[in-house]
Asker: 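This structure is in structure tokens; I'll ask about it shortly.
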Amino acid sequence: MACLELLLVEDGGLSRWLSVWFCVAALCVQVGLHADGVRFHGWHPERREILISATGEGVRQLWVVSEPMGKPRQLTFSSRPVHEAVFEPISGKWVLFAAREPKAGPQLFRVHADSEKPLPILLSDAKRPYSHALWAPNGQQVACLARSPGKEGLGLEIFNPLAPRTARRLESLPGGGWSLEHWAVNSGMMLMREEISDAESFLYLADAGTGTLSVLTPKGQSKVAHAHPRFSPGMDAVYFTSDRESEFQQLCCLDLRRGTSKVLIANLKWNVEAFAVAPNGRQMAVVVNAAGVSQLRLLDLKNGELDPVADVPRGVVRDLYWRSGSGELGFSVSASDSAGDVFSLNVANQNLTRWTRHSPKAHAAPGLGVTRAFDGEILPLVYWTPDAKRFKGRRPVLVVLPAGPGMQMRPSHLGHLAPLLEQHGIAVVGPNLRGAGGYGSRYRSLDNGRLRVHQVRDLNVILNWIRQQPGLDGERVALWGDRAGGSLALLAMAEFNAFIRCGVVNDAIPNWPEHIQNAPEWRRPALRVEFGTEWDSKTRAFLESISPLDAGGENLRAVSPTSPVLLAGASAPVIAKALRQAGKKAETVEAGELAGEAGRFLKQQLLED
């Protein structure tokens with residue numbers, strides 16, 4: 001099975017590309033259930049205007065918004081969705097962006113930001129996938145990662161964006177889990193990150209002239225995950241997050257002169273998931289993931305005072321950018337009343353300004369709950385219930401499963417699931433089964449290897465929790481799963497039989513041993529940490545037992561013949577064939593049609609007797 005090439009969101013530049021085993025929806029589970037809303041890509045360097053992407057005629061395009069709640073001006077009109085973008089850092093004349101081409105993978109383009117008829121110009125070679133493009137602070141060069149075929153593999157490259165044929169490879173990079181993170185102001189130094197697995201990653205200094213790498217976080221006796229490295233404005237320190245000697249990602253500072261590091265916020269029992277240093281270097285915006293809810297705070301880097309920001313919608317905060325030469329912080333929020341909309345904070349007077357409104361109407365606010373697993377572990381969950389005044393009686397439930405290990409269901413905007421809640425009264429429940437991110441490294445490891453079998457038992461606890469809620473109908477439950485979540489949904493439908501009314505499965509992993517074996521070589525070690533070594537006979541037998549299409553063809557036989565499955569994605573035909581051969585009901589749809597068809601399917605199965 002071929003791995004998918006994705007753009008994962010990073011603060012401060014074009015997002016990184018990875019060949020990984022989970023799909024775009026897997027990322028969206030962390031920050032919102034579906035990627036229907038606005039994405040904030042930063043401020044114009046000279047004017048008070050913002051760059052965003054949002055869906056236009058079914059395709060994500062780039063737009064410029066020149067004033068709060070102003071009419072967006074469209075910059076791109078392509079049939080290929082834009083993934084990430086950033087203004088040229090000096091004049092803002094150009095916008096650098098990435099769009100995925102069907103054969104070559106993500107490609108880099110520039111477009112004139114002020115043109116009446118903007119025409120994108122291809123900068124990459126349309127032959128190889130590109131990622132992590134960063135403007136040099138002087139706007140004269142762009143650094144990126146490019147993956148060449150064969151032994152050349154992944155490499156750090158640099159070019160003049162006005163003369164892209166000047167591109168040259170600075171350094172070849174072993175493996176594939178690399179990302180370009182930050183380019184220092186008035187310097188030729190960059191920060192890079194190498195990810196070995198969720199539990200282990202390293203930070204490096206990279207010379208933009210030679211490509212020479214110098215490790216900042218050497219390998220120690222225990223595995224440590226580092227993330228989000230950023231230079232201080234004065235180039236005397238590097239800020240980053242790390243779980244060294246902690247269950248959670250802590251905010252740290254490495255003094256580049258002394259070579260010593262320290263934790264900036266002591267006794268914080270949640271992950272620091274994002275931060276941005278103010279241009280003056282005296283203040284930092286920090287986002288803390290507290291049980292799934294983002295808490296935006298301002299940290300005084302001199303005295304260590306940490307102050308909350310009031311009136312931010314309760315949900316998920318991301319995309320932090322300070323406006324150049326000001327004390328204004330921009331960010332986006334995914335919440336019941338904000339489909340990724342952009343807000344800005346004037347830190348001097350604490351005034352909060354809304355810049356966009358993608359969805360004209362809010363949906364019901366989410367709730368957070370917990371229940372106990374069979375072994376006493378706490379199982380967190382997030383849920384959305386319809387208005388009891390409009391929808392009488394116990395309501396049917398759609399359970400949305402995490403799309404991959406480490407994903408976290410969070411109280412965000414529901415995206416294209418919102419009509420199910422608001423128009424048809426279908427409740428939505430998102431469980432954080434063992435192995436979910438956001439609750440510490442111990443909880444994150446509880447699904448490693450053969451422990452993964454307990455996820456089905458966790459799901460049984462969630463189903464019992466639903467039955468105990470007075471407003472929910474435990475007899476009308478559907479499952480939705482993407483990638484790993486789709487595989488789990490199919491296994492659960494077999495385990496719980498007619499207790500599951502129906503399932504929606506998008507691009508499920510049919511067989512785990514084959515998936516690991518066919519993954520890119522650099523990705524296999526991380527998959528083996530998560531699932532086990534597929535060449536070991538006992539481990540392989542276990543992986544077959546949690547695969548929808550096991551070698552013996554037994555795992556789907558117990559799916560109820562009265563519980564249909566709607567399938568989409570590359571694996572849909574082969575899974576549908578297996579279900580039909582076993583006498584089960586299965587429908588297939590194109591991936592691009594899944595949102596609309598799933599709505600029809602779920603209404604039919606959950607609301608029509």
Asker: Looking only at side chains, do E49 and S66 share a donor and an acceptor under 3.5 Å apart?
Answerer: yes

Asker: If the test is side chain to side chain donor-acceptor pair (under 3.5 Å), which one of R357, H363, R314 qualifies with D337?
Answerer: R357

Asker: If we count only N and O atoms by modelled type, under 3.5 Å, do the side chains of S179 and R193 hold a donor and an acceptor together?
Answerer: no

Asker: Tell me yes or no: between the side chains of T212 and D207, is some donor less than 3.5 Å from an acceptor?
Answerer: no

Asker: Flag the pair R483 / H515 as yes when at least one side-chain heavy-atom distance between them is below 4.5 Å, and no otherwise.
Answerer: yes

Asker: Compute whether any side-chain donor of one residue and acceptor of the other, for Y130 and Q107, lie under 3.5 angstrom apart.
Answerer: no

Asker: Do the side chain of T356 and the main chain of H358 share a donor and acceptor less than 3.5 angstrom apart?
Answerer: no

Asker: Calculate, to the nearest 0.5 Å, the distance between atoms CG and OH belonging to L51 and Y321 respectively.
Answerer: 9.0 Å

Asker: Is the shortest distance from a Lys or Arg side-chain nitrogen in R600 or E587 to a carboxylate oxygen in the other one below 4.0 Å?
Answerer: yes

Asker: When the ring planes of F231 and H182 are compared, do they come out parallel, tilted or perpendicular, using 30° and 60° as the limits?
Answerer: tilted

Asker: Are the aromatic ring centres of W63 and W355 under 6.0 angstrom apart?
Answerer: no

Asker: Side chains of H413 and S336: do they bring a donor and an acceptor to under 3.5 Å?
Answerer: no

Asker: Taking C-beta and beyond as the side chain, do E171 and L173 meet within less than 4.5 Å on heavy atoms?
Answerer: yes

Asker: Is it the case that the side chains of E273 and S294 hold a donor-acceptor pair, with the cut-off being a distance below 3.5 Å and no angle test?
Answerer: yes

Asker: Among side-chain atoms of N289 and Q249, is any donor-acceptor pair under 3.5 angstrom?
Answerer: no

Asker: Between the main-chain N or O of G37 and the side-chain N or O of R60, is there a donor-acceptor pair closer than 3.5 Å?
Answerer: yes

Asker: Hey, what do you get for CD1 (I158) to CZ (R168), rounding to the nearest 0.5 Å?
Answerer: 6.0 Å

Asker: When you check the gap from the basic side-chain N to the acidic O, do R48 and E67 get nearer than 4.0 Å?
Answerer: no

Asker: Is there a side-chain contact between L398 and L602 in this structure, where contact means two heavy atoms from C-beta onward sitting under 4.5 Å apart?
Answerer: yes

Asker: Look at the side chain of T588 and the backbone N and O of P573, then say whether any donor-acceptor pair between them is shorter than 3.5 Å.
Answerer: no

Asker: Do we see a donor-acceptor contact under 3.5 Å between the side chains of T166 and N160?
Answerer: no

Asker: Assess, by modelled atom type and distance only, whether the side chains of R128 and S148 contain a donor and an acceptor separated by less than 3.5 Å.
Answerer: yes

Asker: Using the ring centroid of each side chain, check whether F331 and F40 are separated by less than 6.0 Å.
Answerer: no

Asker: Are more than 12 heavy atoms from other residues, nucleotides or ligands located less than 6.0 Å from atom CG of N349?
Answerer: yes

Asker: Measure from the side-chain N and O atoms of S115 to the backbone N and O of H112, and report whether any donor-acceptor pair falls under 3.5 Å.
Answerer: no

Asker: Determine yes or no for a side-chain-to-main-chain donor-acceptor pair under 3.5 angstrom, with R100 supplying the side chain and R80 the backbone.
Answerer: no

Asker: Salt bridge or not between E88 and K93? Use side-chain N to carboxylate O under 4.0 Å.
Answerer: no

Asker: Going from CG on L108 to CD1 on I121, what distance comes out if it is rounded to the nearest 0.5 angstrom?
Answerer: 13.5 Å

Asker: Can you tell if the side chain of T76 reaches within under 4.5 Å of the side chain of F97, non-hydrogen atoms only?
Answerer: yes

Asker: Which heavy atom of I90 sits nearest to which heavy atom of G139, and what is that distance?
Answerer: CG1-N, 4.2 Å

Asker: Can you confirm if the aromatic rings of W135 and F87 lie within a centre distance of less than 6.0 Å?
Answerer: no

Asker: Indicate yes or no: at least one non-hydrogen side-chain atom of S344 is less than 4.5 angstrom from one of W43.
Answerer: yes

Asker: I need the I196 CD1 to R523 CZ distance, nearest 0.5 Å.
Answerer: 11.0 Å

Asker: Under 3.5 Å, is there a donor-acceptor pair between the side chain of Q61 and the main chain of S78?
Answerer: yes

Asker: For A348 and N346, which heavy atoms make the closest approach, and how far apart are they?
Answerer: N-OD1, 2.9 Å

Asker: In terms of relative ring orientation, are Y239 and F275 parallel, tilted or perpendicular, with 30° and 60° separating the classes?
Answerer: perpendicular

Asker: Side-chain contact test, heavy atoms from C-beta onward, threshold under 4.5 Å: evaluate it for R410 versus P366 and give yes or no.
Answerer: no

Asker: Does some side-chain heavy atom of L145 sit less than 4.5 Å from a side-chain heavy atom of L154?
Answerer: yes

Asker: Using a 3.5 Å distance criterion without hydrogens, assess whether the side chain of D507 forms a donor-acceptor pair with backbone atoms of A570.
Answerer: yes

Asker: Looking only at atom types and distance, does a side-chain atom of Q423 sit under 3.5 Å from a main-chain N or O of L420, one as donor and one as acceptor?
Answerer: no

Asker: So, taking the atom named CG in L75 and the one named CD1 in I52, what distance separates them when rounded to the nearest 0.5 Å?
Answerer: 10.0 Å

Asker: A side-chain contact here means heavy atoms from C-beta on lying under 4.5 Å apart; do L191 and L205 qualify?
Answerer: yes

Asker: Inspect the contact between R230 and E181 and indicate whether a charged nitrogen and a carboxylate oxygen are less than 4.0 angstrom apart.
Answerer: yes

